[in-house]
Structure formats: C-alpha cells, structure tokens
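Numbers restart at 1 for each chain; the letters A, B, ... are given by sequence-line order, proteins then strands.
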2 protein chains.
Amino acid sequence: MRPASRPASSRGDLVPSAVLGLLGTRGPTSRADIARALRVSPATITQVTKDLIARGLVAERERGKSHGGRPGRLLALVDAAGGAIGVKVTADHLAIVDARLDGTVTSSAVRPFDPDAPDALDRLADALAEAVAQHDGHLLGVGVGIPGSVDAQASGVVTAPTLGWAEARVGDVLRAALGLPVLVENDVNTLAVAEALYGAGREHSTYVVVTIGRGIGCGIVVDGSVFRGAAGGAGEIGHIPVDPDDGPLCGCGARGCLEAWVGEAALVRQGRELGLLAEAQGVHELRAAADAGDTAARDLFERAGRLLGRTLAGVVHTVDPEIVVLLGEGIDAWPHWRRGFEESFRAHLMPSRRSVPVVTEPWADDRWALGAAALVLASPLDAEGVSGEQGELVRARLHVADGGAP
Amino acid sequence: MRPASRPASSRGDLVPSAVLGLLGTRGPTSRADIARALRVSPATITQVTKDLIARGLVAERERGKSHGGRPGRLLALVDAAGGAIGVKVTADHLAIVDARLDGTVTSSAVRPFDPDAPDALDRLADALAEAVAQHDGHLLGVGVGIPGSVDAQASGVVTAPTLGWAEARVGDVLRAALGLPVLVENDVNTLAVAEALYGAGREHSTYVVVTIGRGIGCGIVVDGSVFRGAAGGAGEIGHIPVDPDDGPLCGCGARGCLEAWVGEAALVRQGRELGLLAEAQGVHELRAAADAGDTAARDLFERAGRLLGRTLAGVVHTVDPEIVVLLGEGIDAWPHWRRGFEESFRAHLMPSRRSVPVVTEPWADDRWALGAAALVLASPLDAEGVSGEQGELVRARLHVADGGAP
DNA sequence: AGTGCTTTATTTAGTGCCGAACAAAGCCTC
DNA sequence: GAGGCTTTGTTCGGCACTAAATAAAGCACT
C-alpha cells in the first residue's frame, strides 16, 4: 500500500511545548503575542499557561507596553528551564558544547577523536557522558552533528564516508549509554536548525544555509523546518557537477563535483600547484597571501567564488529561497571569494530572482556543536515531527522539569 | 514580527474531505482501509462516513474480501461526485479539458489564444465559461496551468515572460467571471499534482517530475504535496547555468541556461546549424532523422541527454528524491536522449544516490490541461493548505454536491 | 469626567478527533 | 460444530482546541 499522502500530522498536545520553546527563544512575551506567534486561539494560551504557571515552569512578569489598548502581562520561563549537550563529530576531533534554551553556551570543549577505531562509538559515548555529568541543571537531551547522511533524527543511523562509517547506529548506542533523548542529524542541517532558532529564521521562513569550509554543504529550510529529502540526503550541493569535462576526482567517487574544485583540500592543492604554498601550509596561509595582495592567491579565490556563484544560482532556481545565508569555517576568506561570486551569481539568475539577498554570518569554532545542541532545543517547536519519537521524549523531559526556581 | 514558525496547521474538518477525495481517486474502499490510508482512527471514520452517508454523498456497496478476519463493507462515492475544468495556457493556444474525480477526461478542446491581446484575460474567461456551460453535473472548480510563476494557487497572480504577462490577476478575473473556485498554478506543478494523484504519487511521496519540451521544467513533490519555494518559483531547472563560458543567450536574459541548450528552440537551432533541418522544419523532423539513423541528429540528442543528465544529477543531490519522473511533449524522442543521459547522470551521482530510478511516462496532448484540472480535484486531499481559501471553497462545493443519485 | 475605541485576558459551550473497550463477522483448528 | 484467532466496525468517555461573549485595562477624543 502506498504511504499515506498525509503525514499523520500528530495532533494534540503541541501547544504547551511550543509555548515553552517560544518563551525560551524569544524571552518574555504576552499571552496575546504567544497566541499570534503560534497561530492558536487566545483561549488556548490562557488554559495552557495557567497549567504551566501552576507547575512552576512559567511565571508572570511585569506589564508590557500598551499598543493602544490594555497592555499585556508578560510571561517568562521561571528559569533557563533546560539545557542540551551538542557535539560535532569530525575525522579527527569532537567539539562539545553545553547550551541553554536561549542559545547561550555555558561550556565548550574539544577532544581528539579517531572515528576509525573499532570502539569509536563507545569513545563518543564516553566523551558525552562526561559532558552530561558536568552539566548543571535540567538536561533535555543530546544533539549530534555528523558530516554525512542520517536516515532520521530520531533513529540516528549514520553513513559518513569522511568518517569511514556505514550504517553506524549512533543513535541507539548513545541512547543506551546516556539514558537521554538523542537526536542525530547531518552537520549542515544542524546549522540550519540553529539558524532557524537564532538567526535568519527570525526574519524568514524559507531559505538556504550554505557552508564553506572543508566541504561545501547546504541546509534547506522550508516554512521554518529543515527539508531532508527522501533519505536525509538533501542539500548535498558539494557534489553538484560543475565541469562538463569531468574535472578532478572527488572524494565521493564522481568527477567534477563542486567540492573537488572549491573545497578546502582543492584550494590547498591548487595553491601548491601554483607554488603559493609550501608542503606543510594550508588554507590559512592561502588566505594570508590573498590578504597581503598576492594576485595569484586572489585569483584563486576569485575563481572559486565564480564557480560557487554559478552553482548557487542553480540551487536558487531549484529551491527558490527568500535569502541565502553563508557560513562555515572558511567564511573568513569570503571577501576574496566575493569578487568572483557576486558577478557570476547575479549574472546567472533569472530576472525575478536576481535580487535574492546573500548574507554572511560570523563564524565561531563552537558553532557546529551549538548547532547540534540547537537540534534538541528546537524540538519543542517541531510541529512536523521531524525529530520523531526522540523529540517527544525531549518534550516530555521539558514538562517534568524540576523547576530549579531560586 | 516574524512569520510564525508553524503554518497554522489549519486544524479541524479535514477528514470528511479527505475521505471523499480518497474514494474519488481510489474507488470503493473499506472503512478500515480508509482509516489506515489517512492515518486517522477507525472511530473517526465511522463517525464521518455515517454523516456522509446520511447526506447522500457516499453509499455502502458489496462486501470486500476477507483478509483473515471479518471482511469490510466497501464504501464508494454515490456518483462521480464532482468534476473540474482544467486549462493550460500557452503562447498561442488554450487546451481545455473536462475531467472527473477519478482522472478520466470527458471532453477535450483546443482554442487559439493570443496572450498579448489587451483583453486576453477576458477571452480566457469566455473560453472557460463555455466549457463550464457545457459541463454536465456538479462542477467543483476550475484549474489553470500557466508557463510562469504564480504567487499562490488561491490568489493567482501570474508573472509569465513567455506570455508577456506581469503580475496579471488571473485568479481574480476568472473568479469574477465564472463564479467558481479557481486555482492557478505553474504548469509543471500541475503535472506534479496530477502525478501525485494518479501517477508516481501512488508509490512514492518525495520525487521530482521533469518535463522535456519547449522548455525544461521541474515539479518537486515532498511528502505528497508540491513544493513551491518562497514565491512559487521552485523547480526552474531550465535556468540552471550549465556552461562555464556563458553559452547561448536564454529567453530569461541570462546566458548558458540549460534550456538554452536543450529546449525545443535550442535543438531546432542546432539542427539548422548542422544543416539537418530546413527553414520550416522543427523538432518533429529532427526526431524523425534520428529515428532513421542519421548520426548527426543522434549525436545532437545524445549531447542534450548528457547535459540534462549532468544537471539532473545536481538536482538529485540538492533535493534527494526517491525517484525521477520524466514527462512532456518532447518525451517521444527520449530513446535518443537516453544514451547520453544515463551515462552522464549516473557518473555524476554520489554512490549512495547512484541507483535513484528514472522513469518516463507516456504523453498525451491533453495532459497539461488534465494536470490543471487535477489541481482542483486534489484540493480535498490538500492537508497543508497549499490551495488556500479557494481550496476551502472547492471542499465546500464537494459537500453540497447535489448527489445525482439514480 | 465621560464616552468610545482598542487591545488583552478569561469564561463558557461546543466540536473534531482519539483511545479503549466491545460487538460483529468471517476464517482457522481441533 | 465449538471455540479461538483475526480483522472490521461501533460506542463511549475524554481531551485539545476553538469561537463567541464578556470582563478588564489602557488610550483618545470630546
């Protein structure tokens, strides 16, 4: 039988979680504003908040401003009602953060990591267990960002060539070891989720988040939630073919992928071929050369920008986003990419699309891990059930919060 | 204020419409099967069908087969409980069909049409009024397929360069003239909707529908409903840049668009440049030459296939569909495209994506217009509210069906 | 001050849908 | 054919949410 055309729509009991999530991300808000933001009736908000106040999760604060009528009573979380651990897994290290509902990071750590080790998953669990033990307060769950494909956030079966993992049951192992809800997602998608909570998502509902760094990635956000494709593999724009004559071999096995031209390894290789870099030098030195005015280095970045611009024009035609957000550990070289990018990108867009905004965001080292934590912190807002059963568990934990009132 | 992160989710009252839509497209079905297909509880189906039977819209039929237990009573629409008019607008003609809920076409017509005429919209309304007058039975609404961008199905503001229309208020004009619900959509998206109802949608929920013909288009279906992008412009893959050195000028104003290489006009132009076609000859003769074994013509199609294959590989990486469906008035030449396509497409896919199925569907002249009609016929199944207020009106008309019982 | 207007919050009656228990109707095995 | 198993369909109590009416609280005019 055909899969039902309508996705269960998981009715019921979303509003209390949504209210908590909203208060966590937006701060004090009046009942009327909550009702409008969540598109539910004011009556519902009255009922729900009455219950939340009785349970000690939410409290009334001062009066808000009048907008021409009776001013609202602001409601706020009693306390940072929950936190989450986020981890980004890479080929050589783990980045781990402890974050609160409002997106502030309370602690941050980096650990060496060998994904090829036979007990790699256990080591990952150990590192997370340590972070969990150090956490102070009520912990909602653990988010994991993976450079690869994840079948579903809730199950967490991972296939990641760069880590040498195939069908690794990351979710199951970590859940068993930690006894907490665990959400696993492609690393770029975690950034897209974080962006939806704390970044572009505040202003827009449909956009793409493009990462520039070791690889080229893309998270697609549609109506406020991350679009994953049929098997969690949407947004792999690093492997869009960009060269008619095949081009360099990519790590994925195909030829002429975008990433094989403008990924970090490709840029370094080109820099060495041009004699710009010595053996031990990397992309950092390449950028320094361009900063210093080296025309060969500048041309190199400019070519990369042109290629990226042309490719993103295709992505924009396919997805039709409101805006494009650029991010990633390579973003500090963007001024050099930009010259090639802007011209090529705009020239290849159809007129109705030509003014789509492209914005860059500053980058911080813990950004990947914060994205993973955001996965957990966003699940109360996840109406479509992308986070599945594990999201339910996070919501359940949010409800039994021990309060922690002073 | 930021647009709410959750799309209203339009609670309530969806099930009766969904039941009618399901019975219309699937034929007689037992209550238990309906409940499973719609993912609602059997209790709800009992209640809803009781009401529908009382109102004369649905009737019990013979017993079904036993699946090891009590056999179900099949339920069916009392009658083809409604029909819809669909029209496809092109630069030189209108194709109009009258279709029933199950997708059968009861009448079909083609009228000359000049979209540049100052009263073009009134002429369109006249042609549709005639079709409406000729319709026998209960009419649910009118669907319009447009080769261009449509802001939203329910409002129907059209920007279509090929028709010379900018911000044309197609929906408003037709609604005023016809007094019926009118849904307007990009023509490729109407095919995607039809596919969701009667084609690939029966087996899959996330896929892309690619049209080959005058232009190259793409409808993206996600979880059973059409993905439109931020402004209804998603899927414009005909304007993905495919040539690093700019390439031929496209109708959209940019250079090197896919469509400028493999659209019908481009193929004909290339055929003429190669001396394969005389002045008055077109793509039909080009295909005939390839059929007859002309190697130059064959190479021409093969090159087009390679280019399409490479581009679609990029689309597959971006969207991650379960399958790719090929369609369109140019599909009869597919065997010639295919040689170039298959090799190029597969070679540029990453391993995990390499086995994505590509299927072609037979083409008929009224297919575009049937797609437009499907827009209306699908709106009872439209849980996400893509069809908006006009979809509500279609549902309302479905409910007050005059029955027409024998 | 008084009257109206606007916005916020609560109360009340009602609806759509669900879960669980139960009844009905066919196959199976002994 | 008697009971058991399986699947279908119904009943009933309950819950989440809503619309509409009402109260409450501020501003803006006279």
Side-chain angles (χ1 to χ4, degrees), chain A residues 1 4 6-20 28-54 58-76 380 383 385 392 395-396 399, chain B residues 1 4 6-20 28-55 58-76 380 383 385 392 395 399:
Chain A
M1 175 157 309
R6 199 147 53 96
S9 86
S10 146
R11 243 173 293 276
D13 227 7
L14 289 170
V15 176
S17 307
V19 169
L20 291 171
T29 312
S30 74
R31 291 175 178 82
D33 280 343
I34 296 175
R36 275 189 293 268
L38 300 178
R39 304 258 177 100
V40 296
S41 76
T44 305
I45 300 301
T46 294
Q47 287 179 357
V48 165
T49 54
K50 192 187 294 179
D51 183 55
L52 292 174
I53 290 171
V58 166
E60 264 192 356
R61 290 281 176 81
E62 70 282 2
R63 263 190 213 81
K65 277 193 177 164
S66 167
H67 297 281
R70 167 178 171 178
R73 261 80 170 181
L74 298 184
L75 298 177
E392 294 291 338
R395 285 194 275 274
H399 288 245
Chain B
M1 173 157 311
R6 199 147 50 97
S9 84
S10 141
R11 247 173 289 276
D13 228 9
L14 289 169
V15 176
S17 305
V19 169
L20 290 170
T29 312
S30 74
R31 290 175 179 81
D33 280 342
I34 295 174
R36 275 189 294 268
L38 299 179
R39 304 259 179 98
V40 296
S41 76
T44 304
I45 299 301
T46 294
Q47 287 180 356
V48 166
T49 55
K50 192 188 292 178
D51 182 55
L52 292 175
I53 290 171
R55 285 183 8 221
V58 166
E60 265 192 354
R61 290 282 175 79
E62 70 280 5
R63 262 189 213 83
K65 277 192 177 167
S66 167
H67 297 280
R70 169 178 169 177
R73 261 81 168 180
L74 298 184
L75 298 177
E392 293 291 339
R395 285 195 275 274
H399 287 248

S.K.: Tell me the interatomic distance from B/Arg31, atom CZ, to C/dC18, atom P, rounded to whole angstroms.
M.R.: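 Interatomic distance, CZ of B/Arg31 to P of C/dC18: 16 Å.
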
S.K.: As a test of reading the structure: which of D/dG9, C/dC18, C/dA9 is closest to the side chain of B/Thr46, going by heavy atoms?
M.R.: D/dG9

S.K.: Side chain of A/Ala32 only, please: which of C/dC17, C/dT10, C/dT8 is the nearest?
M.R.: C/dT8

S.K.: By side chain to side chain contact (heavy atoms under 4.5 Å, CB included), which residues pair with B/Ser30, not counting sequence neighbours?
M.R.: B/Ala32, B/Asp33, B/Leu74

S.K.: Search all heavy atoms of B/Pro71 against all heavy atoms of B/Arg63 and return the closest pair with its distance.
M.R.: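 Here B/Pro71 and B/Arg63 meet closest at CG-CD, 4.0 Å.
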
S.K.: Whether B/Lys50 contacts D/dT11 is assessed here as follows: a side-chain N or O lying under 4.0 Å from the phosphate OP1 or OP2. Is that the case?
M.R.: yes

S.K.: May I have the distance from B/Asp33 (atom CG) to D/dT7 (atom P), rounded to whole angstrom?
M.R.: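 My rounded result for the distance is 12 Å.
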
S.K.: For residues 67-76 of chain A, which residue pairs qualify under salt bridge (charged side-chain N to carboxylate O under 4.0 Å, His left out), counting only residues two or more places apart or in two chains?
M.R.: none

S.K.: Measure the distance from CG on B/Asp51 to C1' on D/dT10 and round it to the nearest whole Å.
M.R.: 16 Å

S.K.: Checking B/Arg31 now: which residues fulfil salt bridge (charged side-chain N to carboxylate O under 4.0 Å, His left out) with it, not counting sequence neighbours?
M.R.: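 By the salt bridge (charged side-chain N to carboxylate O under 4.0 Å, His left out) rule, B/Arg31 matches B/Glu60.
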
S.K.: If I take atom CD1 in residue A/Ile34 and atom P in nucleotide D/dC17, what distance separates them, rounded to the nearest angstrom?
M.R.: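 The distance from CD1 of A/Ile34 to P of D/dC17 comes to 14 Å, rounded to the nearest Å.
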
S.K.: Could you give the CD-to-C1' distance, from A/Gln47 to C/dT10, as a whole number of Å?
M.R.: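 From A/Gln47 CD to C/dT10 C1': 10 Å.
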
S.K.: By side-chain hydrogen bond (donor to acceptor under 3.5 Å, both in side chains), which residues pair with B/Ser41, not counting sequence neighbours?
M.R.: B/Thr44

S.K.: Looking at every non-hydrogen atom in both residues, tell me the closest pair between A/Pro16 and A/Leu52 and how far apart they are.
M.R.: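 Reported closest heavy-atom pair: O-CD1, 4.2 Å.
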
S.K.: Could you tell me how far apart B/Arg61 (CZ) and D/dT8 (P) are, to the nearest whole angstrom?
M.R.: 20 Å

S.K.: Sugar-phosphate atoms are those with a prime plus P, OP1 and OP2; base atoms are the rest. Using that split, label each nucleotide of nucleotides 19-29 of chain C B, S or - for protein heavy atoms under 4.0 Å, 5' to 3'.
M.R.: B----BBB---

